[in-house]
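Data first, discussion second: the structure below is written as structure tokens.
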Amino acid sequence: MESGVQVDLHGKQALVTGGARGLGASIARRLAGAGASVLVADLRKDLARDLCNELAETGRGDARFVELDVRDAAAVAEVFKDLEAEGQAVDILVNNAAVDVSKPIEHLSADEVTRVITTNLLGPMYLCLETYRRMVARGGGHIVNILSTAANRTWTEAGPYTAGKSGLRAFTHTLFKEAQRDCPGIGVTGIIAGGMETPFILERFPDADVSMLQSPDIVADTVLYALSVPAGSAVSELVVVPRKEPSWP
């Protein structure tokens, strides 16, 4: 599916967490297709390298793999130190990496709760800490945090996931306000995405009705749209859900 959103990202470098597959891969393809150099940050080495090779072979842009566990604050800081040593910067950050454990609260373990919250909330915060201060120093950039309908409404077997996404939405709103104060050249956007036909859902719910889901390419287009808005305006939040989405509003 080709994108209908037009934006020129030549000369920009983007970092996409969880970029090796699913929504992350769709976002990486869209950004590369718009001219950006893309850092595919993930722990899935083979999938990430396959995606980078695909983009190179099809002439759709420049991409390279960055091995990163977003739960590790020291590892996140090291990535940015390495980029600085290479004379590079992150102009666009897309916090997409996320996990879920679909269990009733009474059956959750402390380790499961920690994994979900650290990946979905603390990880994006670590990335924002390293990225935002550098964007302020350079005078511009854009941070996109991928949220969920769970940031607005919850359902059973979604306790940690909802807590993480709700927290990330609040953090994103705060970062937007601080960017208004600190540096008008920095964009901050939260994208509330409804159910998508990706491994994130289908691996956990193989019998899911795909007619109720949307393509991740549609959500990736909303990322491009957020980046396409002229400097005098800002897109603080976007909602994109399937027409049959049951968890909105």
| Given the rule in the side chain to side chain contact (heavy atoms under 4.5 Å, CB included) test, do Leu83 and Val90 qualify, once you have shown the distances and angles that lead to the verdict? | CA-CA 8 Å; Leu83 288 171; Val90 172; 3.7 Å; yes

The side-chain hydrogen bond (donor to acceptor under 3.5 Å, both in side chains) partners of Asp209 (sequence neighbours excluded) come to Ser211

Here the side-chain hydrogen bond (donor to acceptor under 3.5 Å, both in side chains) pairs for residues 173-193, sequence neighbours left out, are Tyr132-Asp182, His142-Thr189, His173-Glu237, Lys177-Gln180

For Arg204, the salt bridge (charged side-chain N to carboxylate O under 4.0 Å, His left out) test, sequence neighbours excluded, returns Asp100

For residues 183-230, the ring-ring contact (aromatic ring centres under 6.0 Å, His included) pairs (sequence neighbours left out) are Tyr161-Phe200

*Verify salt bridge (Lys or Arg N to Asp or Glu O under 4.0 Å) between Glu86 and Arg64, making sure each step is shown before the conclusion.*
CA-CA 14 Å; Glu86 297 168 4; Arg64 64 186 176 100; 3.1 Å; yes

dist Ser166:OG -> Asn120:CG (nearest 0.5 Å) comes out at 11.0 Å

When hydrophobic residues are tied together by side-chain contacts of less than 4.5 Å, even through go-betweens, does Ile105 share a cluster with Val99?
-> yes

query: In terms of hydrophobic clustering (I, L, V, M, F, W, Y; side-chain heavy atoms under 4.5 Å; direct or indirect links), are Leu168 and Val70 co-clustered?
result: yes

Rounded to the nearest 0.5 angstrom, the CD1-OG1 distance for Ile191 and Thr222 is 3.5 Å

Note: Gly24 and Val16 closest approach over all heavy atoms is O-CG1, 3.8 Å

Using a 3.5 Å cut-off and no angle test, enumerate the donor-acceptor pairs between side-chain atoms of residues 71-81 and protein atoms at least two apart in sequence or in another chain.
residue : atom : partner : partner atom : Å
Arg71   : NE   : Asp69   : OD1          : 3.0
Arg71   : NE   : Asp69   : OD2          : 3.4
Arg71   : NH2  : Asp69   : OD2          : 3.0
Asp72   : OD1  : Ala74   : N            : 3.1
Asp72   : OD1  : Ala75   : N            : 3.1

Quick one: do Val144 and Ile186 end up in the same hydrophobic cluster if we chain Ile, Leu, Val, Met, Phe, Trp and Tyr together by side-chain heavy atoms under 4.5 Å apart?
no

Q: Without swapping roles, check the side chain of Lys165 against the backbone of Ile146 for a donor-acceptor pair under 3.5 Å.
A: yes

* Hey, are the side chains of Leu147 and Arg169 touching, using non-hydrogen atoms and a 4.5 Å cut-off? -> yes

* Leu129, CG atom: more than 12 neighbouring heavy atoms under 6.0 Å -> yes

request  = Compare all side-chain heavy atoms of Leu224 with those of Ile27 and state whether any distance is below 4.5 angstrom.
outcome  = no

Of Ile92, Leu127, Val94, the one forming a side-chain contact (heavy atoms from CB on, under 4.5 Å) with Leu15 is Leu127

Query raised in the report: Can you get from Phe171 to Ile143 by hopping between Ile, Leu, Val, Met, Phe, Trp and Tyr side chains that sit under 4.5 Å apart?
Result: yes

Between Ala163 and Ile117 the two heavy atoms that sit nearest each other are CB-CD1, 4.0 Å

When rounded to the nearest 0.5 Å, the distance separating OG1 of Thr131 from CZ of Arg138 is 8.5 Å

Name every donor-acceptor pair, under 3.5 Å, that has one atom in a side chain of residues 32-42 and the other anywhere in the protein, sequence neighbours excluded.
residue : atom : partner : partner atom : Å
Ser37   : OG   : Asp62   : OD2          : 3.3
Asp42   : OD1  : Arg44   : N            : 3.1
Asp42   : OD1  : Arg44   : NH1          : 3.1
Asp42   : OD2  : Gly19   : N            : 3.3
Asp42   : OD2  : Ala20   : N            : 3.0
Asp42   : OD2  : Arg44   : NH1          : 3.3

When rounded to the nearest 0.5 Å, the distance separating CG of Leu175 from CE of Met125 is 10.0 Å

For residues Thr17 and Asn96, is any side-chain donor paired with an opposing acceptor at under 3.5 Å?
no

Taking the side chain from Asn152 and the backbone from Pro249, do they hold a donor-acceptor pair closer than 3.5 Å?
yes

Taken in chain and number order and not counting sequence neighbours, the residues that satisfy salt bridge (charged side-chain N to carboxylate O under 4.0 Å, His left out) with Glu57 are none

Please report, to 0.1 Å, the donor-acceptor pairs under 3.5 Å made by any side chain of residues 45-55, with sequence neighbours excluded.
residue : atom : partner : partner atom : Å
Asn53   : ND2  : Arg49   : O            : 3.2
Glu54   : OE1  : Arg29   : NH2          : 3.0
Glu54   : OE2  : Arg29   : NE           : 2.8

- Query: Looking just at side-chain N and O atoms, do Glu197 and Gln214 make a donor-acceptor pair shorter than 3.5 Å?
  - Reply: no

OG1 of Thr162 to CD of Glu157, rounded to nearest 0.5 Å, is 10.5 Å

>> Within the structure provided, determine whether Ser26 and Val219 are in side-chain contact (heavy-atom separation under 4.5 Å).
In response: no

_Measuring only between side-chain heavy atoms, which start at C-beta, is Asp217 closer than 4.5 Å to Arg30?_
yes

Sorted by chain and number, sequence neighbours left out, ring pair (Phe, Tyr, Trp, His ring centres under 6.0 Å) with Tyr126 holds for none

Answer yes if Val240 and Leu227 sit in the same cluster of Ile, Leu, Val, Met, Phe, Trp and Tyr residues linked by side chain heavy atoms under 4.5 Å apart, and no otherwise. yes

Lys103 meets the salt bridge (charged side-chain N to carboxylate O under 4.0 Å, His left out) criterion, sequence neighbours left out, with Glu112

Rounding to 0.5 Å, atoms CG (Leu23) and CD1 (Ile218) come to a distance of 11.5 Å

Pro184 meets the side chain to side chain contact (heavy atoms under 4.5 Å, CB included) criterion, sequence neighbours left out, with none

What one should report as the nearest heavy-atom pair of Ala14 and Leu31 is CB-CD1, 3.7 Å

Checklist entry - When you look at Asp82 and Val66, which way does the side chain to side chain contact (heavy atoms under 4.5 Å, CB included) test go after all the steps? => result CA-CA 11 Å; Asp82 289 346; Val66 175; over 6 Å; no

Check: Are any of the side-chain heavy atoms of Cys128 and Asn95 separated by less than 4.5 Å?
Finding: yes

Query - Non-hydrogen side-chain atoms of Thr149 and Val241 separated by less than 4.5 Å - result: yes

Do Val7 and Leu9 have side chains that get closer than 4.5 Å, going by heavy atoms? yes

Sorted by chain and residue number, the salt bridge (charged side-chain N to carboxylate O under 4.0 Å, His left out) partners of Arg133 (sequence neighbours excluded) come out as Glu130

Thr154 side chain to Ala150 backbone, donor-acceptor under 3.5 Å = no

Exercise. Do Val101 and Pro160 come within less than 4.5 Å of each other through their side chains, counting heavy atoms only?
Worked result: no

